[in-house]
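Because the structure is a prediction, the values reported are computed rather than measured. So you know, we letter chains A, B, ... as the sequences are listed, proteins then strands, and number each from 1. When reading the values below, keep in mind they use all heavy atoms of this one structure, side chains included, and skip hydrogens, waters and symmetry mates.
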Protein chains: 2
Amino acid sequence: MVQYRPAQLDFSFAALSDATRRGVLEQLSRADASITDLAGKFHMTLTGMKKHVAVLERAALVTTEKAGRVRTCRLAMRALEEEAAWIERHRQLWSARFDELDKIVEHLKSKEKPDARRKTR
Amino acid sequence: MVQYRPAQLDFSFAALSDATRRGVLEQLSRADASITDLAGKFHMTLTGMKKHVAVLERAALVTTEKAGRVRTCRLAMRALEEEAAWIERHRQLWSARFDELDKIVEHLKSKEKPDARRKTR
DNA sequence: TATATACTGAACCATATGGTTCAGTATCGA
DNA sequence: TCGATACTGAACCATATGGTTCAGTATATA
């Protein structure tokens with residue numbers, strides 16, 4: 001039931017492109033935290049941190065829930081599955097392509113061997 | 001010898017956060033291409049496509065070389081290794097954390113069983 | 001040599017991002 | 001009930017992004 005709208009990957013890769021937000025994810029992987037906790041840890045105003053958390057929520061990497069005054073942030077269960085899938089798919093495509101190139105290079109090398117030392121560049 | 005400056009991940013995740021650029025990577029995984037090729041394929045001006053390619057180069061996902069009039073774009077060999085590593089590391093951290101939560105949930109469930117049907121929410 | 005091709009760079013535009021401050025509102029605890 | 005705490009929202013700011021047009025420069029080609 002996961003929506004594969006292209007925008008989803010846009011949002012999650014964009015969310016991962018900021019070191020503070022990657023830090024927040026790392027932090028949340030250790031323990032849930034409030035906005036105040038996170039703002040303190042990353043030396044930032046509450047408002048600033050709230051924006052980062054909003055970006056992580058939009059990317060569905062984090063969920064939050066407010067109880068009383070405190071909004072608690074936690075990792076989303078599905079976190080990073082889609083992103084890992086995209087990257088893995090492409091790594092495979094590409095390594096296939098590089099294997100091809102390797103073969104071509106090997107082929108060229110074997111043809112060169114007979115009269116080596118022709119053009120170095 | 002790969003530089004692990006934090007900015008590198010910033011650049012590569014940012015590069016991946018745009019559907020056009022992901023499309024360009026996909027295209028390049030099939031064959032090298034000139035700026036003109038790519039601009040045509042993605043219905044964009046040369047100048048616009050050149051900017052996207054510049055972003056992919058900054059992220060070290062693509063390399064380019066100019067021969068005569070034509071600049072040829074190709075995938076960088078190292079492409080996506082670092083990004084995949086980051087994501088995998090975190091997927092592991094997080095699944096560990098979710099396993100913990102599962103245990104806690106199981107524990108609570110077993111305690112609840114005696115008098116189930118308490119609070120549905 | 002003249003023309004077409006392929007790119008490059010500057011300038012511009014609208015919108016997004018990453019941060020702030022300031023002025024609230026809501027809730028907790030003494 | 002009063003003060004402190006925790007967040008929220010609006011407004012602002014500088015810079016980045018994703019695109020364009022226009023005016024070049026360099027290279028192929030007829």
Asks: Using 30° and 60° as the class boundaries, would you call the ring planes of B:Phe13 and B:Trp86 parallel, tilted or perpendicular?
Replies: perpendicular

Asks: Where each residue is assigned the nucleotide of DNA chain C containing its nearest heavy atom, which of A:His43 and B:Ser34 is assigned the position nearer the 5′ end?
Replies: B:Ser34

Asks: Hey, is the side chain of A:Thr47 poking within less than 4.0 Å of OP1 or OP2 on C:dT20, counting only N and O atoms?
Replies: no

Asks: Please state whether the phosphate of D:dT8, meaning OP1 or OP2, lies under 4.0 angstrom from any side-chain nitrogen or oxygen of A:Lys66.
Replies: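 The answer is yes; a side-chain N or O of A:Lys66 sits under 4.0 Å from OP1 or OP2.
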
Asks: What pair of heavy atoms forms the shortest contact from B:Glu88 to A:Ala84, and how long is it?
Replies: OE2-CB, 4.0 Å

Asks: Check this one for me: any side-chain N or O of B:Lys50 less than 4.0 Å away from OP1 or OP2 of C:dT8?
Replies: yes

Asks: Please tell me if A:Arg58 has a side-chain N or O lying less than 4.0 Å from either OP1 or OP2 of C:dT17.
Replies: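 So the side-chain polar atoms of A:Arg58 do come within 4.0 Å of the phosphate oxygens OP1 or OP2 of C:dT17, strictly under.
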
Asks: Measure the distance from CG on B:Asp18 to P on D:dA16 and round it to the nearest whole Å.
Replies: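 For the pair B:Asp18 CG and D:dA16 P, the rounded distance is 18 Å.
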
Asks: Could you give the CG-to-P distance, from B:Asp10 to D:dT17, as a whole number of Å?
Replies: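 Whole-Å distance recorded here is 11 Å.
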
Asks: Got a salt bridge between B:Glu26 and A:Arg89, using NZ or NE/NH1/NH2 to carboxylate O under 4.0 Å?
Replies: yes

Asks: Check whether any side-chain nitrogen or oxygen of A:Arg21 sits under 4.0 Å from OP1 or OP2 of C:dG18, and answer yes or no.
Replies: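 The answer is yes; a side-chain N or O of A:Arg21 sits under 4.0 Å from OP1 or OP2.
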
Asks: What's A:Gly68 touching, base or sugar-phosphate or nothing? Going by heavy atoms closer than 4.0 Å.
Replies: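 Sugar-phosphate contact only.
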
Asks: Mind listing the closest non-hydrogen atom pair of B:Ser12 and B:Ala59 along with its distance?
Replies: CA-CB, 3.6 Å

Asks: Of B:Lys51 and A:Ser17, whose nearest nucleotide on DNA chain C comes first from the 5' end?
Replies: B:Lys51

Asks: Would you say B:His90 and A:Arg22 make side-chain contact, with heavy atoms under 4.5 Å?
Replies: no

Asks: For A:Leu46, answer base if it contacts any base atom (sugar-phosphate contacts may also be present), sugar-phosphate if it contacts only those atoms, and nothing otherwise; contact means non-hydrogen atoms under 4.0 Å.
Replies: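 Here A:Leu46 touches the bases of the nucleic acid.
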
Asks: Over how many whole Å does the gap from B:Arg69 atom CZ to D:dT27 atom P extend?
Replies: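 From B:Arg69 CZ to D:dT27 P: 10 Å.
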
Asks: Which of these nucleotides, D:dG19, C:dG19, D:dA4, is closest to any side-chain atom of A:His52?
Replies: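 Comparing D:dG19, C:dG19, D:dA4 against the side chain of A:His52, the answer is C:dG19.
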
Asks: How close or far is atom P of C:dT21 from atom CE of A:Met44, stated in whole angstroms?
Replies: 12 Å

Asks: So, is A:Arg71 close to the D:dT8 phosphate, meaning a side-chain N or O under 4.0 Å from OP1 or OP2?
Replies: yes

